[in-house]
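Worksheet for the structure shown next.
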Amino acid sequence: MTVSRSTPVLPVRLLPGLAVAWLACAGSASSPAVLDAGLPEGRLTRPLATLAGETRLGPDEALRVRELGRDASTSHHLVWIRDREPLHRHERHDLMVVVLQGRGFLRLGKEERAVGEGSILYVPRGAVHAFRNAGPEPAVAYVVYVPPFDGADRVGVEDAAGE
C-alpha cells in the first residue's frame, strides 16, 4: 500500500481495531451510499439513489408521505414535495431530514436557508418550519420522527413571522 499525503496515518499501536476497520474500508470508495436501518420487521437496506424513485407523485398531488418502517422510538418516512408544504410545527416530535433529491429552502423559525441533495436537517419539536421546493421536479427526503409519528401531530401556523 502506498501512502500519499491525503491518506491518513492512524496510530496502530493506540487504535488497532480502528486501524483494521479503516484499512478494510479504504478500498470501498466505489460503494454506493445506502439507507441502512435496523427495524423490528428486519433490516431495511436500500441504495439512496433508488429511494427517491420508489414512488412518484400523481399529476395533481402536491405532497406524499410514505412510511418505510417504525420501532418503539422512531418512524422512518419518504416525503415528496412538488411545490411547498404549509408552515407548521410538531408539538411531540423531533425530525431528522436527509434531502435525497432536489433543492429548495427550509424555513425554520423566522429564518429560511437554501438546502439541496445531501443536506441533513434537524427540526426540534415545537419549531415552526416548512420546505419550499426550488426545482422543476419534486424534492424527496428521508425523514425520521422521534418518537414515531402518530399522524395527528401537525399544527398549522398562520403567523407569517413563524412565532
Side-chain angles (χ1 to χ4, degrees), residues 18 21-22 25 28-163:
L18 180 58
W22 178 80
C25 295
S28 64
S30 62
S31 297
V34 298
L35 162 64
D36 194 355
L39 299 170
E41 59 270 15
R43 193 164 177 177
L44 173 65
T45 306
R46 300 235 181 80
L48 291 184
T50 65
L51 273 176
E54 285 188 9
T55 300
R56 301 275 182 202
L57 286 176
D60 297 326
E61 203 172 13
L63 177 110
R64 178 181 286 187
V65 178
R66 186 176 124 217
E67 184 171 307
L68 297 172
R70 64 177 49 224
D71 60 20
S73 303
T74 63
S75 63
H76 304 251
H77 308 261
L78 288 177
V79 178
W80 292 260
I81 298 176
R82 185 176 308 283
D83 180 41
R84 67 188 69 222
E85 62 180 341
L87 199 57
H88 66 284
R89 69 178 182 267
H90 304 280
E91 292 297 325
R92 298 177 306 277
H93 296 87
D94 300 309
L95 288 79
M96 181 67 69
V97 179
V98 179
V99 179
L100 298 175
Q101 176 181 298
R103 58 188 168 81
F105 299 91
L106 176 70
R107 167 90 180 264
L108 188 57
K110 295 180 183 181
E111 294 184 48
E112 186 174 76
R113 295 198 178 153
V115 298
E117 289 179 23
S119 294
I120 301 171
L121 317 166
Y122 171 68
V123 180
R125 66 190 67 199
V128 173
H129 64 282
F131 176 81
R132 180 172 52 90
N133 190 359
E137 296 296 320
V140 184
Y142 170 69
V143 180
V144 178
Y145 285 87
V146 179
F149 190 60
D150 60 12
D153 181 26
R154 185 180 177 105
V155 179
V157 175
E158 306 261 343
D159 181 5
E163 303 273 353

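Numbers here are sequence positions counted from 1.
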Residue of the set Arg107, Arg84, Arg132 for which salt bridge (Lys or Arg N to Asp or Glu O under 4.0 Å) holds with Glu112
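The option that passes is Arg132.
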Do you know the tightest heavy-atom contact between [X] and [Y]?
X	Y	result
Pro136	Arg103	CD-NH2, 4.5 Å
Arg89	Ala127	CB-O, 3.5 Å
Pro147	Arg125	CD-NH2, 3.7 Å
Val123	His129	CG1-ND1, 3.4 Å
Leu63	Ile81	CD1-CG1, 3.4 Å
Phe105	Ala134	CE1-CB, 3.8 Å

Student check: side-chain heavy atoms of [X] and [Y] closer than 4.5 Å:
X	Y	result
Glu67	His76	no
Leu108	Arg113	no
Val144	Tyr142	yes
Val146	Met96	no
Leu44	Leu68	yes
Phe149	His90	yes
Val99	Leu121	yes
Asp83	Asn133	no

Sort out for me which residue in Thr50, Leu35, Leu51 forms a side chain to side chain contact (heavy atoms under 4.5 Å, CB included) with Leu100.
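Among Thr50, Leu35, Leu51, the one meeting side chain to side chain contact (heavy atoms under 4.5 Å, CB included) with Leu100 is Leu51.
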Distance (rounded to the nearest 0.5 Å) between [X] [atom1] and [Y] [atom2]:
X	Y	atom1	atom2	answer
Leu78	Glu54	CG	CD	6.5 Å
Arg56	Trp80	CZ	CH2	9.5 Å
Leu95	Tyr145	CG	OH	4.5 Å

Strictly distance-based, threshold 3.5 Å: is any side-chain N or O of [X] a donor or acceptor partner for the main-chain N or O of [Y]?
X	Y	answer
His93	Pro148	yes
Asp71	Pro40	no
Glu117	Gly102	yes
Arg82	Glu61	yes

